Asker: 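Input: one structure, supplied below.
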2 protein chains.
Amino acid sequence: MINSVVFYQTMNDKSETEKKIFEAARDVFHRRGFDGARMQEIADKAKINKALLHYYYRSKDKLFEAVFREALKRIGPIMFEALDREVPLEKKLKMFVSNYIDLVTKHPFIPGFIMHEMHTNKTRFKTFLKENKHGIIKLNKLKSQLKEGIDKGQYKNVSVEQLIINVFSLCAFPFAARPVFQTVLDIDDAGYRKVLEERKKLIPEIILMSLKK
Amino acid sequence: MINSVVFYQTMNDKSETEKKIFEAARDVFHRRGFDGARMQEIADKAKINKALLHYYYRSKDKLFEAVFREALKRIGPIMFEALDREVPLEKKLKMFVSNYIDLVTKHPFIPGFIMHEMHTNKTRFKTFLKENKHGIIKLNKLKSQLKEGIDKGQYKNVSVEQLIINVFSLCAFPFAARPVFQTVLDIDDAGYRKVLEERKKLIPEIILMSLKK
DNA sequence: GTCTATAACCTGATAGAC
DNA sequence: GTCTATCAGGTTATAGAC
């Protein structure tokens, strides 16, 4: 729900053509990355011609920037704010994982897209992230919850950094490496969807199990 | 050690120039991906000119193919054969995680590289994987170990597929998404190396904890 | 705003001398 | 085997008509 608001605000004042272009661009950039994307393919997909792309977005760089920013806006809030809310840790984890898997099921290329573009252009990413105010996240609430559990002797002494890395790895990697897993484990599309769905339950269990003493 | 053998066999009969080219190509392709890589950059890095690249490797495609094959050869055995050995599950996990993290520390772009190239060209990957005889993996030994533990009431009823996905996610994603994590969690290079090192112990603990009843 | 035509540039690949 | 010079094709970007 957070994300539809963001999307709505961003797209609100745009013309129909501009929306069509943006959606086509998102699709192509997500799939192929900046270097693999072709302005011609975006134009074809939006059913307009190349010149119009430049009319609306000046250059490939600017168009990419718009797409990349939107990806961060979609994924940022759910990633970080959701984890830092005033909700019991256990419940928060379940909600987060379920929301994340739903979101990325709708935009399955986002994790791989962001990862790849970051590796090939770190500075661009850092700039965007920081201005996006999710730059360096605080996670104060999560930290204090974790510390509280540790002090009570309820949780193991795990750093919040490792915890975050574990949660995201378990959530995001099955999407980013989907073709690898499907090939190597010989799972068809329907089967893999089931695997992903199962993980909504599985991941919180794993994380909580790994925290408990 | 498996990997040095593979490397040795492959590089054995090549001239010095060919080796230099291959290593430069590996570096550039790993970093930038096929679409982002430039023959000129490879030539510069190998300290020869573009024409020589074509003399040795005919085309960008063929050069890429060589690099991609080598990445699979490096990662394939450690990924799958290691997990299917006749060793107690607990010990096997620890060894695997430690070896994997060491290998990928040396070639940190491999996970992201393979993932990205797969998304942009699935058929190529499938062909390579299958001929590489790690195509569809059997994991018979791992399966029977897991089943044995489940039957004994020692382990939970987790599928081997989910287990594999969990292990690889926890191992590979911190490398593939390293720039994201470092930025967002505000960790410098030395700090992140420490985080990765810690995971050699942490990951087997998490996996075993999640298995136990 | 939308189109066609084309400029300007880049990149992979080859020809040919040494 | 290695180099310089150059071609051929493709891609981003713009000019200009409607």
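Numbered from 1 within each chain, the chains take letters A, B, ... in sequence-line order. None of the values given here were measured: they were computed from a predicted structure.
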Asker: In terms of ring plane angle, is the pair Phe34(A) and Phe29(A) parallel, tilted or perpendicular, where the classes change at 30° and 60°?
Answerer: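 Ring orientation of Phe34(A) relative to Phe29(A): parallel.
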Asker: Determine the contact category for Leu53(B): base if any of its heavy atoms lies under 4.0 Å from a base atom, sugar-phosphate if only primed atoms, P, OP1 or OP2 are that close, otherwise nothing.
Answerer: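 No contact at all - Leu53(B) keeps every heavy atom at 4.0 Å or more from the nucleic acid.
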Asker: Could you give the start and end, 5' to 3', of the contact zone on DNA chain D for chain B, using atoms under 4.0 Å from its heavy atoms?
Answerer: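 Going 5' to 3' along DNA chain D, contacts run dG1(D) to dT4(D).
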Asker: How is Thr17(B) classified with respect to the nucleic acid when contacts are heavy atoms under 4.0 Å: base, sugar-phosphate, or nothing?
Answerer: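 Sugar-phosphate, no base atom in range.
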Asker: Using a distance-only test with no angle check, is there a side-chain donor-acceptor pair under 3.5 angstrom linking Gln40(A) and Asp44(A)?
Answerer: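 Yes, side-chain donor-acceptor contact under 3.5 Å.
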Asker: Return whichever of Ala51(B) or Ala51(A) has its heavy-atom-nearest nucleotide of DNA chain C closer to the 5' end.
Answerer: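 The residue mapped nearer the 5' terminus is Ala51(A).
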Asker: Does atom NZ of Lys19(A) have more than 12 heavy-atom neighbours, drawn from other residues, nucleotides or ligands, at distances under 6.0 Å?
Answerer: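 Buried by this count: over 12 neighbours within 6.0 Å.
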Asker: Any side-chain N or O of His54(B) less than 4.0 Å from the OP1 or OP2 oxygen of dT14(C)?
Answerer: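 No, outside the criterion.
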Asker: Describe, as an angle rounded to 10 degrees, how the axis at the first end of the helix from dG1(C)-dC18(D) to dC18(C)-dG1(D) is tilted relative to the axis at the last end, five pairs per end.
Answerer: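 Rounded value for the end-axis angle: 10°.
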Asker: Does a salt bridge link Glu23(B) with Lys45(B), judged by any charged N lying under 4.0 Å from a carboxylate O?
Answerer: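 Answer for the salt bridge query: no.
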Asker: Classify the nucleic acid contact of Ser15(B) as base, sugar-phosphate or nothing, counting any heavy atom under 4.0 Å across all strands shown.
Answerer: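 Result for Ser15(B) = nothing.
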Asker: Determine the interplanar angle of the Phe181(A) and Phe173(A) rings, folded into 0 to 90°, and report it as parallel if under 30°, tilted if 30 to 60°, perpendicular if over 60°.
Answerer: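 It falls in the perpendicular class, over 60°.
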Asker: Among residues 35-45 of chain A, which ones have heavy-atom contacts with DNA chain D below 4.0 Å?
Answerer: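 Residues of residues 35-45 of chain A under 4.0 Å from DNA chain D: Ala37(A), Arg38(A), Met39(A).
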Asker: Quick one: sort the His30(A) and Phe113(A) rings into parallel, tilted or perpendicular, breaks at 30° and 60°.
Answerer: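 Tilted: the ring planes of His30(A) and Phe113(A) meet at 30° to 60°.
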